[in-house]
Q: 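Take this structure, written in structure tokens, and hold onto it; I'll ask about it next.
Here the structure is a predicted model, which means the values were calculated and not measured.
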Amino acid sequence: MAASSAALSLPKVFRPVLGLGRSGNPAKVWAAAASCRREKSTFVPPPAKYGGRHTVTLIPGDGIGPELLNHVRELFRFSCVPVDFEVVNVNSSVATEDDIHNAITAIRRNGVALKGNIETNHNMPPSHKSRNNLLRTSLDLFANMMHCQSLPGVQTRHKNIDIIIIRENTEGEYSSLEHESVSGVVESLKIITRYNSLRIADYAFRLAREKGRRRVTAVHKANIMKLADGLFLQCCKEVASGYPDIQFDSMIVDNTTMQLVSKPHQFDVMVMPNLYGNVVSNVCAGLVGGPGLVPGANYGTNYAVFETATRNTGKSIADKNIANPTAMLLASCLMLDHLRLHDYANMIRGAVLTTMNETRLHTADIGGQGTTSEVVQSVMKNIQSGGPLTTEQI
Amino acid sequence: MGDCALIKHAPPPAKYGGRHTVTLIPGDGIGPELLTHVRELFRFCCVPVDFEIVSIDSKSTSDDDMNNAITAIRRNGVALKGNIETNHNLPPSHISRNNILRTSLDLYANVIHCQTLPGVRTRHRDVDIIIIRENTEGEYSSLEHENVPGVVECLKIITRKKSLRIAEYAFNAARQNGRRRVTAVHKANIMKLGDGLFLQCCKEVAAGYPEITFDSMIVDNTTMQLVSKPQQFDVMVMPNLYGSVISNVCAGLVGGPGLVPGANYGKDYAVFETATRNTGKSIANKNIANPTATLLASCLMLDHLRLHGYASMIRKAILATVSETRLHTADLGGQGTTSEVVQSVMREIESKGPRTSEQI
């Protein structure tokens with residue numbers, strides 16, 4: 001603990017991002033995990049460490065991840081957010097799984113993580129699993145939540161979209177179970193289990209109730225995959241009967257995507273298995289302005305990992321200062337909300353939205369010519385001008 | 001709106017008197033009424049096609065109806081169909097009738113040509129995408145089992161033979177229609193073996209078509225690009241499930257399910273229907289359904305039968321009608337009825353030149 005107090009005595013601006021997590025007490029984290037119940041609303045984030053500061057695992061990932069997460073750290077340092085980051089690098093080009101296992105251990109220790117997307121090299125043999133997938137399944141982050149909202153100031157073809165998409169994150173088509181029994185014939189297994197389907201449906205309805213939403217739509221393809229999606233649909237119906245205040249309906253995935261591009265305002269909360277979730281969340285991200293604007297969150301019983309909603313590495317625009325940092329900044333706000341640091345979250349979110357209103361600062365993906373750094377500077381200016389200097393608020 | 005068929009085989013020879021016989025499957029929902037309009041229109045234009053109607057009762061559990069329909073299509077070689085409803089409440093052994101038809105006749109290629117129609121207001125302009133979807137395997141194999149209670153395994157099958165076949169079809173169609181680019185849509189970062197095999201087959205076939213650019217895109221990125229910049233896509237080829245989703249997204253982009261026709265081609269048979277395969281139960285028999293998709297599907301059928309003169313005539317009349325906002329049906333935001341649209345098409349045909357009954 002000597003190291004921590006020495007670190008705290010440094011001027012705030014120069015406080016290095018020490019790996020305070022390593023000297024933290026793992027017993028505290030486990031106790032918190034054991035005491036927390038499954039409901040998201042009563043989930044207790046890991047207790048703040050010494051001095052009221054949280055430690056969060058940071059996984060830079062590939063492509064635009066590292067630069068955007070650097071901006072997040074800069075912003076947090078500027079706003080004096082009481083969060084320290086434990087940076088864990090995952091090298092996507094090696095075949096061993098040590099890196100990702102280190103990352104998983106770090107997340108188990110800290111309970112919360114912020115990550116960039118880790119690239120999956122297609123040319124590696126099939127035994128080389130997607131690192132992102134491995135992370136999600138090992139930590140049992142069963143719910144991927146994405147809130148697609150039209151941002152004021154961003155011009156899109158559809159206005160006032162407000163859809164919450166809840167996607168099962170661990171099974172379905174992403175089970176990575178494939179085999180080639182006969183040469184030239186590949187069987188890929190899609191697994192749907194009652195347990196996971198009930199769990200995700202429960203999560204969806206509980207979230208809808210908490211946020212005062214009226215309607216939950218299950219998206220499926222049960223006319224073709226009768227047993228699998230049929231089971232999913234049945235589980236949703238069972239859970240729905242326990243929430244009479246919320247209307248439940250279902251829609252086939254192809255009809256859903258067509259309705260989304262013509263009349264997206266009819267949707268409220270949507271719950272679905274893994275693959276449809278992938279497609280539908282990308283369609284909705286496209287409707288509200290693109291991959292640079294929407295944050296995503298992965299929740300499990302004990303852990304939470306925040307990232308951009310559409311999980312792009314953005315290799316082609318990496319290190320060119322043209323990536324849109326909005327999604328990552330909003331993801332960090334979601335993380336702050338999760339840590340119950342609501343004031344900081346609202347402050348940063350307000351500043352990001354104000355910045356979005358200025359068309360001059362829009363980055364290339366939303367049709368402007370702004371750079372990443374300009375956007376981040378503007379956010380910082382907005383925070384500074386938003387009230388008393390944040391360094392004086394503490 | 002060119003002919004996207006793979007012209008490798010000759011359509012069945014015209015019967016006595018130069019008239020073709022085509023199987024007609026009314027289906028459920030809006031199918032029967034729209035196909036009745038098609039027949040009316042053909043009679044009016046003196047199209048040399050006779051329809052052999054085969055009804056399928058979607059409520060019965062026996063397979064006799066389906067077998068009759070399949071035999072009729074084998075006999076005639078060409079069919080025009082409405083969508084047959086699949087009742088969710090029947091046990092899982094009751095496989096979708098539409099699916100049985102596609103697999104028994106080995107209609108391996110589903111081709112949908114999405115084009116923005118003049119006169120229909122949409123959020124995107126100048127969309128012109130040909131979607132070629134593998135129609136017989138993939139996620140639609142209907143192979144599911146529950147070994148352990150509460151855990152269902154659903155098999156998605158991808159084979160080398162069918163992937164090569166659909167890729168060949170796609171590149172051939174691209175070449176014949178003068179298209180520059182073919183994009184394969186996949187999810188090979190997750191389903192490495194399955195979609196990996198599909199992608200590999202596409203690459204192999206692409207090597208034999210050097211004048212056509214080949215690229216690939218992951219399905220989630222594809223759907224996002226489709227809703228923001230659909231003009232970047234030219235020809236797209238993909239396995240079954242992604243095809244279902246993407247064809248619906250594209251249909252939504254150009255104006256909805258009432259406007260886009262679809263064609264299912266096999267080596268020996270061809271079946272034409274609406275692209276998004278909706279039964280439209282809620283609007284059945286109310287005279288508000290949009291007949292455009294079914295009428296354009298019948299034009300595709302006429303093109304397949306080499307009756308290009310009739311096909312162009314009817315197609316032009318349909319496009320002229322769709323341009324009139326006054327006649328737009330409810331799905332396009334108007335208040336027109338189905339019969340008004342069909343009447344207008346007939347009037348257009350009549351006014352365009354000498355009465356068709358005098359052309360023969």
Q: Give, as side chain, backbone, both or neither, the part of A:Leu227 having an atom under 4.5 angstrom from any heavy atom of chain B.
A: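 Both backbone and side chain.
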Q: With distance as the sole test, does B:Glu144 use its side chain to make a donor-acceptor pair with the main-chain N or O of A:Lys226 at under 3.5 Å?
A: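 Side chain of B:Glu144 to backbone of A:Lys226: a pair is present.
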Q: Starting at SG of B:Cys154, measure out to CG of A:Leu231 and round the result to the nearest 0.5 Å.
A: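 B:Cys154 SG to A:Leu231 CG: 11.5 Å, rounded to 0.5 Å.
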Q: Quick check on A:Phe232 against chain B: is it the side chain, the backbone, both or neither that has a heavy atom closer than 4.5 Å?
A: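 For A:Phe232, there is no contact with chain B at all, as no heavy atom is under 4.5 Å.
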Q: I'd like to know which of B:Ile157, B:Asn98, B:Asn278, B:Leu143 tops the heavy-atom pair count under 4.5 Å against chain A.
A: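 With the most close heavy-atom pairs to chain A, the winner is B:Ile157.
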Q: Rounded to the nearest 0.5 Å, what separates atom NZ in B:Lys192 from atom OG in A:Ser130?
A: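 Taking NZ in B:Lys192 and OG in A:Ser130, the distance rounds to 7.0 Å.
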Q: Do you know which of B:Met191, B:Arg160, B:Glu153 has the most heavy-atom pairs under 4.5 Å to chain A?
A: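 Counting heavy-atom pairs under 4.5 Å, the top option is B:Met191.
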Q: Distance from A:Ile224 atom CD1 to B:Glu139 atom CD, nearest 0.5 Å?
A: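 Rounded to the nearest 0.5 Å, the CD1-CD separation comes to 10.5 Å.
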Q: Looking at side-chain heavy atoms only, is the closest gap between A:Ser188 and B:Leu193 below 4.5 Å?
A: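 SC-SC contact between A:Ser188 and B:Leu193 ruled out.
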Q: Please say whether more than 12 non-hydrogen atoms of neighbouring residues, nucleotides or ligands are located less than 6.0 Å from NZ in A:Lys159.
A: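 Enclosed: over 12 neighbouring heavy atoms sit under 6.0 Å from NZ of A:Lys159.
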Q: Just how far is it from atom CG of A:Asn223 to atom CD of B:Glu85, taken to the nearest 0.5 Å?
A: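 Between atom CG of A:Asn223 and atom CD of B:Glu85 there are 10.5 Å.
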Q: Got a sec: does the CD of A:Gln155 have more than 12 other heavy atoms crowding it under 6.0 Å?
A: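 12 or below, so no.
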Q: In Å, rounded to the nearest 0.5 Å, how long is the span from OG of B:Ser228 to CD1 of A:Ile366?
A: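 Going from the OG atom of B:Ser228 to the CD1 atom of A:Ile366 covers 12.5 Å.
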Q: With a 4.5 angstrom heavy-atom cut-off, is it the side chain or the backbone of B:Pro149 that approaches chain A, or both, or neither?
A: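 Looking at B:Pro149, nothing touches chain A.
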Q: Calculate, to the nearest 0.5 Å, the distance between atoms OG1 and CZ belonging to A:Thr156 and B:Arg123 respectively.
A: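 Interatomic distance, A:Thr156 OG1 to B:Arg123 CZ, rounded to 0.5 Å: 9.0 Å.
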Q: Which bit of B:Leu155 comes within less than 4.5 Å of chain A, counting heavy atoms only: side chain, backbone, both or neither?
A: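 Interface part for B:Leu155: both.
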Q: Please identify, among B:Asp195, B:Val249, B:Thr86, the residue contributing the most non-hydrogen atom pairs under 4.5 Å to chain A.
A: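 Among B:Asp195, B:Val249, B:Thr86, the one with the most close pairs to chain A is B:Val249.
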Q: For chain B, which candidate among A:His158, A:Glu187, A:Arg311 shows the most heavy-atom pairs at distances under 4.5 Å?
A: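 The option with the most such pairs is A:His158.
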Q: Counting a contact as any heavy-atom pair under 4.5 Å apart, which residues of residues 254-262 of chain A contact chain B?
A: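 A:Asp254, A:Asn255, A:Thr257, A:Met258, A:Val261, A:Ser262, listed by number.
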Q: Below 4.5 Å from any heavy atom of chain A, which atoms of B:Lys187 appear? Answer side chain, backbone, both or neither.
A: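 Side chain only.
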Q: Name the region of B:Ser244, side chain, backbone, both or neither, that has any atom closer than 4.5 Å to a heavy atom of chain A.
A: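 Both parts, backbone and side chain.
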Q: Please collect all salt bridge (Lys or Arg N to Asp or Glu O under 4.0 Å) contacts where either partner lies in residues 244-264 of chain B, sequence neighbours excluded, each pair once.
A: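 Checked against salt bridge (Lys or Arg N to Asp or Glu O under 4.0 Å) - neighbours excluded - no pair reaches residues 244-264 of chain B.
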Q: Please check: side-chain N/O of A:Glu178 versus main-chain N/O of B:Gly194, any donor-acceptor pairing under 3.5 Å?
A: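 Judged by distance alone, yes, a pair lies under 3.5 Å.
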Q: Between chain B and each of A:Thr193, A:Asn132, A:Leu287, A:Ile252, count heavy-atom pairs under 4.5 Å; write down the option with the most.
A: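 If we count pairs closer than 4.5 Å to chain B, A:Thr193 comes out on top.
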Q: Heavy-atom cut-off 4.5 Å, strictly under: side chain, backbone, both or neither for A:Lys263 against chain B?
A: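 Neither part; nothing is under 4.5 Å.
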